[in-house]
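Values in this document were obtained by computation on a predicted structure and should not be read as measured data. First the proteins, then the strands, lettered A, B, ... as listed; each starts at 1.
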Number of protein chains: 2
Amino acid sequence: MGRVKLSIKRLENTSRRQITYSKRRTGIVKKAKELSILCDIDILLIMFSPTGKPTLCLGEHRHD
Amino acid sequence: MGRVKLSIKRLENTSRRQITYSKRRTGIVKKAKELSILCDIDILLIMFSPTGKPTLCLGEHRHD
DNA sequence: CCGCCTATATTTAGATT
DNA sequence: GAATCTAAATATAGGCG
């Protein structure tokens, strides 16, 4: 999506790869939280940035 | 998105909850795979359907 | 329950500040 | 190099078969 259609292959430019990671990580974390709430499910998402920094996302559905 | 804007809260209708889960699960798995390839990262996604069935998604980035 | 349709909501690539 | 903008690509809600 966005200005240009990206083919799904490794982004060779380091800066681009990090920027894309940052943007898409935000999106996928949002989707995961939405899914857990909408469908009342457990979900776990773990990912590592291009530099190795981990992000953990746990869904936030009803706990009762 | 779609025909109607959904507010992010638990879908009370069971059938609708399962249909939405199925559709969104497909989308988020696709996003996870794209992210792992584009940014060459490790990613793990685990989720449980409203009926308890688990789905595991591992990213598929370069292994070398 | 899956696949297709399509109007509309959402994400995001690249540019700009 | 983060924050914001915006045109354009994608995801998806509801409906149908």
Side-chain angles (χ1 to χ4, degrees):
Chain A
M1 53 215 59
R3 304 291 176 142
V4 168
K5 176 179 168 66
L6 275 194
S7 58
I8 303 303
K9 60 183 178 186
R10 182 177 192 274
L11 295 166
E12 294 301 332
N13 181 282
T14 301
S15 172
R16 258 232 180 102
R17 202 161 61 244
Q18 293 177 342
I19 290 172
T20 292
Y21 176 76
S22 175
K23 288 185 174 183
R24 283 182 173 246
R25 181 195 55 208
T26 302
I28 200 169
V29 164
K30 185 178 177 187
K31 291 270 190 202
K33 288 185 185 301
E34 289 184 351
L35 182 57
S36 74
I37 293 171
L38 284 168
C39 302
D40 199 24
I41 61 155
D42 283 315
I43 185 167
L44 169 64
L45 175 63
I46 304 177
M47 53 195 150
F48 295 85
S49 81
T51 59
K53 185 185 177 196
T55 293
L56 171 65
C57 171
L58 274 173
E60 298 174 339
H61 70 104
R62 296 205 308 199
H63 302 297
D64 54 278
Chain B
M1 53 209 61
R3 304 287 177 146
V4 166
K5 178 180 167 64
L6 278 192
S7 59
I8 303 302
K9 58 182 177 186
R10 184 178 190 273
L11 295 166
E12 294 302 332
N13 181 280
T14 301
S15 172
R16 193 165 291 284
R17 201 161 61 244
Q18 293 178 342
I19 290 170
T20 293
Y21 176 76
S22 176
K23 289 188 173 185
R24 282 182 174 245
R25 181 195 54 207
T26 302
I28 200 170
V29 164
K30 185 177 177 188
K31 291 269 191 199
K33 287 186 185 302
E34 289 184 352
L35 181 58
S36 74
I37 293 170
L38 285 169
C39 302
D40 198 26
I41 61 155
D42 283 317
I43 184 167
L44 169 65
L45 175 62
I46 303 176
M47 52 195 150
F48 295 86
S49 80
T51 59
K53 185 183 178 198
T55 292
L56 171 65
C57 171
L58 274 173
E60 299 174 337
H61 70 107
R62 296 207 308 202
H63 302 297
D64 52 280

- Item | Contact check, side chains of A/Met47 and A/Ile28, non-hydrogen atoms, under 4.5 Å | yes
- Covered region of DNA chain C, 5' end to 3' end, by chain B [heavy atoms, under 4.0 Å]: C/dT6 to C/dT12
- Query: What residues form a salt bridge (charged side-chain N to carboxylate O under 4.0 Å, His left out) with B/Arg16, not counting sequence neighbours?
  - Reply: none
- Query: Would you call B/Asp40 and B/Arg62 a side-chain contact if the rule is heavy atoms closer than 4.5 Å?
  - Reply: yes
- Task: Within residues 6-16 of chain B, find the residues that approach DNA chain C with a heavy atom at under 4.0 Å, and present them sorted by residue number.
- Result: none
- Near DNA chain C, which residues from residues 18-57 of chain B have a heavy atom under 4.0 Å away? B/Lys31
- Item | Heavy-atom check, side chain of A/Lys31 versus side chain of A/Leu35, under 4.5 Å | no
- Item | Point-to-point distance, once rounded to the nearest 0.5 Å, from NE2 of B/His61 to SG of B/Cys39 | 11.5 Å
- Message: Once salt bridge (charged side-chain N to carboxylate O under 4.0 Å, His left out) is applied, do any residues pair with B/Arg3, and if so which ones, sequence neighbours excluded?
- Response: none
- Task: Taking salt bridge (charged side-chain N to carboxylate O under 4.0 Å, His left out) as the test, write out the residues that go with B/Arg17, two or more places apart.
- Result: none
- Item | pair A/Leu38-B/Arg10: side-chain heavy atoms closer than 4.5 Å | no
- Task: Using a 4.5 Å cut-off on heavy atoms from C-beta on, say whether the side chain of A/Ser49 contacts that of A/Thr55.
- Result: no
- Identify, with sequence neighbours excluded, every residue that meets side chain to side chain contact (heavy atoms under 4.5 Å, CB included) alongside A/Glu60. A/Lys33
- Residue pairs passing the ring-ring contact (aromatic ring centres under 6.0 Å, His included) test with at least one member in residues 4-34 of chain A, sequence neighbours excluded, are none
- From B/Ile43 CD1 over to B/Glu34 CD, what is the distance, rounded to the nearest 0.5 angstrom? 11.0 Å
- Which other residues end up in the same hydrophobic cluster as B/Leu58, if Ile, Leu, Val, Met, Phe, Trp and Tyr are linked when side-chain heavy atoms come under 4.5 Å apart? A/Leu44, A/Ile46, A/Phe48, A/Leu56, A/Leu58, B/Leu44, B/Ile46, B/Phe48, B/Leu56
- Note on the structure: chain A vs DNA chain D, heavy-atom contacts under 4.0 Å, first-to-last nucleotide span, 5' to 3', is D/dT6 to D/dT12
- Query: Given axes from five pairs at either end, by how many degrees does the helix from C/dC2-D/dG17 to C/dT17-D/dA2 bend, rounded to 10°?
  - Reply: 40°
- Any side-chain heavy-atom pair from B/Asp42 and B/Ser36 closer than 4.5 angstrom? no
- Task: With sequence neighbours excluded, tell me which residues meet salt bridge (charged side-chain N to carboxylate O under 4.0 Å, His left out) with B/Arg25.
- Result: none
